[in-house]
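Reviewing the structure listed below.
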There are 2 protein chains.
Amino acid sequence: MAKTLQAKILAAASELFYSQGIRATGVDAIAKAANTTKMSLYKYFPSKDELILAVLRKRDEDFRTWFVAQVEAKAADPKDKLLAIFDVISEWMEIPGFRGCAFINASAEFPLKGNPVHQVSAEFYDKFQHYIAGLAAQYGSKQPVNLALQLRLLLEGAIVSEQMKHHSGAAEQAKQAAIVLIEGSVA
Amino acid sequence: MAKTLQAKILAAASELFYSQGIRATGVDAIAKAANTTKMSLYKYFPSKDELILAVLRKRDEDFRTWFVAQVEAKAADPKDKLLAIFDVISEWMEIPGFRGCAFINASAEFPLKGNPVHQVSAEFYDKFQHYIAGLAAQYGSKQPVNLALQLRLLLEGAIVSEQMKHHSGAAEQAKQAAIVLIEGSVA
DNA sequence: TTTGTGATATACCGAGCGGTATACTACAAT
DNA sequence: ATTGTAGTATACCGCTCGGTATATCACAAA
């Protein structure tokens with residue numbers, strides 16, 4: 001409840017960046033949404049660029065924590081967890097305000113190679129893939145890292161498809177494909 | 001060679017939008033890159049929004065034409081064509097200046113649901129998927145539409161992964177997964 | 001009571017944005 | 001020779017942007 005001012009700014013920026021786009025969101029709008037002023041904002045974040053990175057880093061933490069908890073709550077053994085991933089993603093897509101993956105979107109908004117946004121986004125998916133690879137190894141996959149990357153591709157593809165057109169059946173087909181790949185990886 | 005002024009504007013805008021982002025590209029820069037002036041630009045395109053849509057529609061045509069030609073040149077029978085898709089994508093990713101899929105990027109830059117950019121982008125992938133489904137049906141897949149969507153997800157995922165981090169091995173793993181799914185779809 | 005500090009309020013800056021107005025040039029068709 | 005048309009050149013508009021300056025306020029520590 002008693003969030004620090006810095007946390008309030010971060011939360012407001014995160015929400016606006018995600019719903020409207022980063023470039024489309026002005027610093028004034030963020031300050032107003034956080035019930036503060038631009039001056040205070042610039043005390044905590046030296047520039048909008050730094051704020052963008054801070055927002056992404058926090059989202060990285062929060063989303064992965066939330067996601068893993070969801071999966072662990074849904075299934076007990078490794079194979080079921082691998083499949084539960086797709087159910088969690090499917091439910092996430094149905095949450096009002098879903099507009100795709102914040103990291104994919106950020107990378108698209110700042111297309112230049114060297115931009116730090118790419119590094120943060122890449123790290124997010126690396127960690128994500130690493131979590132999947134762990135489950136795949138427990139499950140007994142012969143090539144857990146490869147399987148993890150394949151499943152990750154299905155997830156990213158489903159998210160992007162669903163962003164462009166809602167209820168495209170992407171999540172369902174991603175899961176069907178995942179079943180084939182998961183079971184094939186132990187044969 | 002003797003491109004019309006309109007075509008030159010379209011080409012310049014397409015290039016700049018793709019390499020820098022749409023919002024990040026000003027109308028002045030487009031006019032300059034096309035060796036003309038803003039006045040002429042606004043004679044052909046009533047607004048930047050209309051220009052954006054025109055660029056995406058042209059890219060839709062051009063890319064699909066180029067892509068199909070590449071695939072057809074690489075393979076003769078349906079199964080090989082399905083696999084060749086992943087080789088073409090892989091080669092495309094290695095072209096200097098690759099920055100992901102213009103349609104995914106555009107959708108990310110304009111996240112609001114009703115934006116026409118989403119419709120154009122969704123239509124592009126619908127046509128793309130329809131092409132894959134045709135090959136899948138010729139190949140003898142029992143559920144060609146489902147297989148086509150699954151392969152599309154792998155492709156989108158690979159493109160996005162490669163955009164965030166080059167040489168991630170995404171295209172290769174997408175192809176490996178595709179082989180399993182394609183062969184499984186006739187069993 | 002003074003002093004230091006975190007936050008506010010507000011006005012401002014230079015730059016870039018999308019888009020327009022006006023006047024001018026080149027050239028082809030009648 | 002005249003007229004219409006396609007394109008140029010340039011200046012301008014109102015607005016928003018990221019970022020800063022300055023002055024003030026609330027409050028706790030000393």
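Letters A, B, ... mirror the listed sequences (proteins, then strands); counts begin at 1.
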Pairs satisfying salt bridge (Lys or Arg N to Asp or Glu O under 4.0 Å), at least one member in residues 160-184 of chain B, at least two apart: A:D126-B:K165, B:K79-B:E183, B:D87-B:K175

Whole-Å distance separating the CG atom of A:L41 from the C1' atom of C:dG6: 15 Å

With sequence neighbours excluded, residues passing side chain to side chain contact (heavy atoms under 4.5 Å, CB included) with A:A178: A:F86, A:L151, A:L154, A:I182

Qualifying salt bridge (Lys or Arg N to Asp or Glu O under 4.0 Å) pairs, either residue in residues 97-108 of chain B, two or more places apart: none

Pairs meeting criterion salt bridge (Lys or Arg N to Asp or Glu O under 4.0 Å) with involvement of residues 103-117 of chain B, two or more places apart: none

Partner set under side chain to side chain contact (heavy atoms under 4.5 Å, CB included) for A:A137, not counting sequence neighbours: A:P144

Strand-adjacent residues in residues 107-119 of chain B, judged by heavy atoms under 4.0 Å from DNA chain C: none

Rounded interatomic separation in angstrom, taking CZ from A:F45 and P from D:dG19: 13 Å

Distance under 6.0 Å and angle within 45° of ring axis: A:R59 vs A:Y18: yes

Nucleic acid contacts - residues 7-33 of chain B versus DNA chain D, non-hydrogen atoms under 4.0 Å: none

Spacing between A:Y42 atom OH and C:dT8 atom P, to the nearest angstrom: 16 Å

Pairs meeting criterion salt bridge (Lys or Arg N to Asp or Glu O under 4.0 Å) with involvement of residues 31-55 of chain A, two or more places apart: A:D28-A:K38

By ring pair (Phe, Tyr, Trp, His ring centres under 6.0 Å) - contacts of B:F103 (at least two apart): B:F124

Results of side chain to side chain donor-acceptor pair (under 3.5 Å) for A:S161 - residues two or more places apart only: B:R152, B:E156

Protein-to-nucleotide contact annotation, 5' to 3' order, nucleotides 3-14 of chain D [B base; S sugar-phosphate only; - none; under 4.0 Å, heavy atom]: ----BBBB----

Side chain to side chain contact (heavy atoms under 4.5 Å, CB included) partners for A:Q6, two or more places apart: A:T4, A:Y44, A:F45

